[in-house]
Amino acid sequence: QVQLVESGGGLVQAGGSLRITCAASGRTFSSYAMGWFRQAPGKEREFVAAITWSGGSTYYRDSVKGRFTISRDNAKNTVYLQMNSLNPEDTAVYYCAAAMGSGGLGYETGYDYWGQGTRVTVSS
(Lines give C-alpha, C1' and ligand atoms only; values in the text may rest on other atoms or scores of the structure.)
Protein backbone atom coordinates (compact mmCIF):
# COMPACT_ATOMS: atom_id res chain seq x y z
CA GLN A 1 0.00 0.00 0.00
CA VAL A 2 1.27 3.44 -0.94
CA GLN A 3 -0.21 6.75 0.13
CA LEU A 4 0.60 9.82 -1.93
CA VAL A 5 0.35 13.45 -0.89
CA GLU A 6 0.94 16.27 -3.35
CA SER A 7 2.01 19.78 -2.40
CA GLY A 8 3.45 22.94 -3.88
CA GLY A 9 0.61 24.01 -6.11
CA GLY A 10 -0.50 27.62 -6.29
CA LEU A 11 -0.95 30.69 -8.44
CA VAL A 12 1.82 31.72 -10.82
CA GLN A 13 2.04 34.18 -13.68
CA ALA A 14 2.52 33.05 -17.25
CA GLY A 15 6.19 32.47 -17.95
CA GLY A 16 6.87 31.60 -14.34
CA SER A 17 8.00 28.40 -12.66
CA LEU A 18 6.67 26.11 -9.99
CA ARG A 19 7.82 22.85 -8.45
CA ILE A 20 5.26 20.45 -7.13
CA THR A 21 6.10 17.56 -4.86
CA CYS A 22 4.62 14.17 -4.15
CA ALA A 23 5.49 12.54 -0.85
CA ALA A 24 4.92 8.81 -0.61
CA SER A 25 4.50 6.59 2.40
CA GLY A 26 5.69 3.02 2.52
CA ARG A 27 9.06 1.32 2.45
CA THR A 28 8.72 0.08 -1.13
CA PHE A 29 8.55 3.48 -2.82
CA SER A 30 11.72 2.81 -4.79
CA SER A 31 10.08 -0.15 -6.51
CA TYR A 32 7.31 1.94 -8.04
CA ALA A 33 7.30 3.88 -11.26
CA MET A 34 5.78 7.30 -10.68
CA GLY A 35 3.72 9.58 -12.81
CA TRP A 36 2.09 12.98 -12.91
CA PHE A 37 -1.31 13.58 -14.48
CA ARG A 38 -3.43 16.70 -14.64
CA GLN A 39 -7.06 17.60 -15.06
CA ALA A 40 -8.09 20.99 -16.32
CA PRO A 41 -11.58 22.36 -15.66
CA GLY A 42 -14.12 20.64 -17.89
CA LYS A 43 -11.56 18.26 -19.35
CA GLU A 44 -10.49 14.68 -18.80
CA ARG A 45 -7.42 13.81 -16.81
CA GLU A 46 -4.32 13.55 -18.97
CA PHE A 47 -0.81 12.20 -18.68
CA VAL A 48 1.96 14.71 -18.02
CA ALA A 49 5.15 12.85 -17.12
CA ALA A 50 6.46 9.59 -15.73
CA ILE A 51 9.68 8.21 -14.31
CA THR A 52 10.83 4.64 -13.82
CA TRP A 53 11.67 3.22 -10.39
CA SER A 54 15.37 3.92 -10.81
CA GLY A 55 14.91 7.31 -12.41
CA GLY A 56 16.76 6.03 -15.43
CA SER A 57 13.96 6.76 -17.88
CA THR A 58 11.51 9.61 -18.10
CA TYR A 59 8.53 10.25 -20.35
CA TYR A 60 6.58 13.41 -21.16
CA ARG A 61 3.56 14.51 -23.10
CA ASP A 62 4.58 16.53 -26.11
CA SER A 63 3.19 19.83 -24.87
CA VAL A 64 5.44 19.88 -21.79
CA LYS A 65 8.66 18.55 -23.28
CA GLY A 66 11.49 21.00 -22.68
CA ARG A 67 9.49 22.86 -20.03
CA PHE A 68 8.74 20.24 -17.35
CA THR A 69 11.14 17.90 -15.60
CA ILE A 70 10.17 14.91 -13.49
CA SER A 71 12.64 13.60 -10.93
CA ARG A 72 12.66 11.46 -7.83
CA ASP A 73 14.58 11.00 -4.62
CA ASN A 74 14.11 7.44 -3.41
CA ALA A 75 15.87 8.18 -0.13
CA LYS A 76 13.18 10.77 0.63
CA ASN A 77 10.26 8.85 -0.90
CA THR A 78 9.54 11.88 -3.03
CA VAL A 79 8.89 12.67 -6.66
CA TYR A 80 9.03 16.16 -8.12
CA LEU A 81 7.69 17.97 -11.13
CA GLN A 82 9.60 21.10 -12.02
CA MET A 83 7.48 23.26 -14.31
CA ASN A 84 9.03 26.14 -16.22
CA SER A 85 7.68 28.56 -18.81
CA LEU A 86 4.18 27.96 -17.56
CA ASN A 87 1.24 29.13 -19.61
CA PRO A 88 -2.49 29.35 -18.85
CA GLU A 89 -3.08 26.02 -20.63
CA ASP A 90 -1.12 24.36 -17.82
CA THR A 91 -3.79 25.34 -15.32
CA ALA A 92 -5.13 22.15 -13.76
CA VAL A 93 -5.22 19.95 -10.72
CA TYR A 94 -2.05 17.87 -10.81
CA TYR A 95 -2.14 14.31 -9.52
CA CYS A 96 0.69 12.04 -8.51
CA ALA A 97 0.37 8.32 -9.17
CA ALA A 98 2.36 5.18 -8.42
CA ALA A 99 2.64 2.11 -10.64
CA MET A 100 3.75 -1.36 -9.59
CA GLY A 101 4.49 -2.24 -13.19
CA SER A 102 6.55 -0.45 -15.81
CA GLY A 103 4.19 -0.70 -18.75
CA GLY A 104 1.47 1.69 -19.79
CA LEU A 105 2.90 4.62 -17.86
CA GLY A 106 1.22 7.05 -20.21
CA TYR A 107 -2.25 5.85 -19.21
CA GLU A 108 -4.27 6.08 -16.02
CA THR A 109 -4.84 2.33 -16.11
CA GLY A 110 -1.10 1.79 -15.67
CA TYR A 111 -1.21 3.13 -12.11
CA ASP A 112 -2.28 1.56 -8.86
CA TYR A 113 -2.29 4.43 -6.35
CA TRP A 114 -3.29 8.07 -6.63
CA GLY A 115 -2.94 11.21 -4.58
CA GLN A 116 -5.64 13.80 -4.00
CA GLY A 117 -4.08 16.41 -6.25
CA THR A 118 -2.67 19.91 -5.98
CA ARG A 119 -4.07 22.84 -7.89
CA VAL A 120 -1.89 24.88 -10.23
CA THR A 121 -3.26 28.10 -11.67
CA VAL A 122 -1.37 30.07 -14.29
CA SER A 123 -2.57 33.61 -14.85
CA SER A 124 -2.11 35.42 -18.16
Side-chain angles (χ1 to χ4, degrees):
Q1 188 81 12
V2 176
Q3 293 185 326
L4 305 171
V5 179
E6 301 94 336
S7 63
L11 175 64
V12 62
Q13 288 188 333
S17 298
L18 201 63
R19 187 178 79 162
I20 56 178
T21 298
C22 174
S25 65
R27 293 177 291 177
T28 59
F29 171 76
S30 61
S31 64
Y32 289 88
M34 300 297 295
W36 286 98
F37 286 73
R38 67 186 181 187
Q39 186 168 21
K43 296 186 178 180
E44 294 187 352
R45 190 155 57 182
E46 64 183 18
F47 169 75
V48 177
I51 187 167
T52 54
W53 67 271
S54 67
S57 296
T58 56
Y59 309 92
Y60 299 92
R61 70 178 298 106
D62 287 346
S63 63
V64 308
K65 284 180 181 177
R67 300 190 298 123
F68 290 13
T69 302
I70 188 171
S71 61
R72 67 188 297 160
D73 185 338
N74 287 341
K76 296 182 178 180
N77 281 14
T78 303
V79 63
Y80 307 96
L81 186 67
Q82 176 68 44
M83 303 183 290
N84 299 327
S85 301
L86 285 160
N87 59 63
E89 289 70 40
D90 296 315
T91 294
V93 177
Y94 283 71
Y95 297 91
C96 172
M100 291 188 289
S102 59
L105 295 181
Y107 304 93
E108 290 186 56
T109 53
Y111 295 84
D112 303 283
Y113 303 101
W114 292 84
Q116 294 301 306
T118 185
R119 185 174 301 275
V120 173
T121 303
V122 184
S123 63
S124 58

- Query: Which residue pairs pass the salt bridge (charged side-chain N to carboxylate O under 4.0 Å, His left out) test with at least one member in residues 72-83, sequence neighbours excluded?
  - Reply: none
- Summary of side chain to side chain donor-acceptor pair (under 3.5 Å) pairs that have at least one residue in residues 29-38, sequence neighbours excluded: Arg38-Glu46, Arg38-Asp90, Arg38-Tyr94
- Message: My understanding is that only residues two or more places apart in sequence, or in another chain, count here; which of them pass side-chain contact (heavy atoms from CB on, under 4.5 Å) with Ser17?
- Response: Gln82, Asn84
- Mind checking whether Val120 and Leu81 sit in one hydrophobic cluster, side chains of I, L, V, M, F, W, Y counted as touching below 4.5 Å? yes
- Item | Between OH on residue Tyr113 and CD on residue Gln1, distance to nearest 0.5 Å | 4.5 Å
- Applied to residues 99-110, the salt bridge (charged side-chain N to carboxylate O under 4.0 Å, His left out) test, sequence neighbours excluded, yields Arg45-Glu108
- Query: Which pairs, with at least one residue in residues 115-124 and sequence neighbours excluded, count as a side chain to side chain donor-acceptor pair (under 3.5 Å)?
  - Reply: none
- Decide if atom CD of Gln39 counts as having more than 12 heavy atoms of other residues, nucleotides or ligands within a radius under 6.0 Å. yes
- Go through the structure and list residues passing side-chain hydrogen bond (donor to acceptor under 3.5 Å, both in side chains) with Ser63, not counting sequence neighbours. Arg61
- Contacts of Thr58 meeting side-chain contact (heavy atoms from CB on, under 4.5 Å) (sequence neighbours excluded), chain-then-number -> Ile51, Tyr60, Ile70
- Connected to Val93, directly or through other members, by ILVMFWY side-chain contacts below 4.5 Å are Phe37, Phe47, Tyr59, Tyr95, Leu105, Tyr111, Trp114
- Whether Thr52 side chain and Ser57 backbone form a donor-acceptor pair below 3.5 Å: yes
- Query: If every non-hydrogen atom of Gly110 is compared with every non-hydrogen atom of Ala99, which pair is closest and at what distance?
  - Reply: O-CB, 3.1 Å
- Message: Looking at every non-hydrogen atom in both residues, tell me the closest pair between Val48 and Phe68 and how far apart they are.
- Response: CG1-CD2, 3.8 Å
- Note on the structure: So disulfide bond (SG atoms under 2.5 Å apart) across residues 66-124, not counting sequence neighbours, yields Cys22-Cys96
- Query: So how far is it from Phe29 CZ to Leu4 CG, rounded to the nearest 0.5 Å?
  - Reply: 8.0 Å
- Check Leu86 against Arg67 and note the closest heavy-atom contact, atom names and distance. CA-NH1, 3.9 Å
- Taking every heavy atom of Gly9 against every heavy atom of Ile20, the minimum-distance pair comes out as N-CG2, 3.8 Å
- Task: Please identify each residue that fulfils side-chain contact (heavy atoms from CB on, under 4.5 Å) with Lys43, with sequence neighbours left out.
- Result: Ala40
- dist Thr78:OG1 -> Met34:CE (nearest 0.5 Å) comes out at 9.0 Å
- Task: Please go through Val5's hydrophobic cluster and name the other residues, only I, L, V, M, F, W, Y counting, with side-chain heavy atoms under 4.5 Å joining them.
- Result: none
